[in-house]
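One structure below.
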Amino acid sequence: MKMIKNTIMLMALVLSAPIAAETTSDAPAPAPATAGEIASGVCAGCHNADGNSVIPMNPILAGQRAEYITKQLLDFKATDSAPPKRNSPVMSSMVATLSAEDMKKLGEYYSKQKTIPSQVAVDDEKLVATGKILYHGGNIGHGVPACASCHGPTGSGIPPRYPALAGQHAEYTMTQLNLFNTGDRANDNDVMHKVLTRMSGAEKRAVAAYISTMR
Ligand code: HEC
Ligand code: HEC
């Protein structure tokens, strides 16, 4: 009975510590992986160890609000909710072995890293200028609220609920705006969905471009 209990405990530890794999049954139980170890292990290939992804389709996590990151990880894991909160086969498999405690620690870890904003050059000044007007003033005629009212005038977000946007890769932002629009991302209490149904494709591109240039 004691052995079974020990085995179950060991399994739980291994599951919550994917980095500290490879242990034999008579070795001492591995210490749970720290957030830094998880981040520089499995996550680093796509987001970089410090969360400053240089791949435009993968979000920059460095400097993001801790509570928001933790919520996203939980949402990726909730694959059985209908409609899915955040439907991403890649990220759902990444979070499968993370415990709630790991997710909390990862949120704190990434929020403490210094952001290196998107270095992807945007050479269309008109597009950026249009995006700037939308971000700070919305489009009153079409009922589009100013992004700044929830994400802050500098794009630094308002914790716990509203994520930072400043310097995020335009390609990632554009993908998310489209996912909110179609309802394939449905973890926002319908707020972003309502905003997006009133925006044109050109407006989405403009605001995504402007956000990537915010510092
Ligand atoms: C194979 C590439 C890949 C790996 C490895 C990966 N991610 Fe991701 N991650 C992505 C992609 C792509 C998205 C965007 C998903 C979407 O919304 O469609 C994403 C999104 C996220 C988000 C949401 C960010 C936001 O702004 O909403 C968080 C948080 C995140 N990943 C954390 C992690 C953590 C923690 C790990 C390691 C346990 C990890 N990722 C491993 C590719 C990856
Ligand atoms: C009424 C408040 C509100 C307004 C106005 C608003 N947002 Fe949001 N936005 C949210 C909330 C809440 C979330 C987080 C949803 C979640 O928990 O995943 C969000 C998430 C996002 C995300 C996802 C960030 C990420 O890292 O994945 C993007 C991009 C975004 N908003 C862009 C915009 C843009 C662009 C505008 C203006 C056109 C805007 N938002 C206006 C409330 C708002």
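Just so you know, ligand 1 is whichever comes first in the structure, and atom 1 is the first atom listed for that ligand. Given the structure is predicted, the values throughout are model-derived calculations rather than measurements. Because only heavy atoms are used, hydrogens play no part in the values below, and waters and symmetry mates are left out as well, while side chains stay in.
If you look at atom 8 (Fe) of ligand 2, the protein N, O or S atoms less than 2.8 Å from it are His151 NE2, Met192 SD. Around atom 8 (Fe) of ligand 1, the protein N, O or S atoms found under 2.8 Å comprise His47 NE2, Met91 SD.
Considering every non-hydrogen atom in both Ile60 and Gln168, the closest pair reads N-OE1, 2.9 Å. Nearest heavy atom pair, residue Phe76 against residue Ser88, reads CE2-CB, 3.7 Å.
Atoms of ligand 2 lying under 4.0 Å from at least one heavy atom of Met199, given by number and element, are 38 (C). Listed by atom number, the atoms of ligand 2 under 4.0 Å from Lys71 heavy atoms are 16 (C), 17 (O), 18 (O). Proximity to Pro145 (heavy-atom distance under 4.0 Å) selects the following atoms of ligand 2: 5 (C). Less than 4.0 angstrom separates some heavy atom of Gln72 from each of these atoms of ligand 2: 16 (C), 17 (O), 18 (O). Every atom of ligand 2 is numbered from 1 in the order shown, and the set under 4.0 Å from a heavy atom of Thr173 is 29 (C).
Regarding atom 22 (C) of ligand 1, its nearest protein heavy-atom neighbour is Phe76 CE1, 3.6 Å. The protein heavy atom nearest to atom 16 (C) of ligand 1 is Gln176 NE2, 3.5 Å. Considering only non-hydrogen protein atoms, atom 14 (C) of ligand 1 sits nearest to Tyr172 CE1, 3.8 Å. Looking only at heavy atoms of the protein, atom 23 (C) of ligand 1 is closest to Arg86 NH1, 3.5 Å.
Taking a 4.0 Å cut-off on heavy atoms, Tyr68 registers as neighbouring ligand 2. Within the structure, the closest approach of Lys204 to ligand 2 does not fall below 4.0 Å when heavy atoms are considered. Close to ligand 2: Arg185, with a non-hydrogen atom less than 4.0 angstrom away. Every heavy atom of Leu134 sits 4.0 Å or more from the atoms of ligand 2. Contact annotation: Ala146 has at least one heavy atom less than 4.0 Å from an atom of ligand 2. Glu203 does not count as a contact of ligand 2, since none of its heavy atoms falls under 4.0 Å from the ligand.
Taking the charged nitrogens against the carboxylate oxygens, Glu108 and Lys104 do have a contact shorter than 4.0 Å, which makes a salt bridge.
When Ile69, Leu106, Leu74 are ranked by how near their heavy atoms come to atom 29 (C) of ligand 1, first place goes to Ile69.
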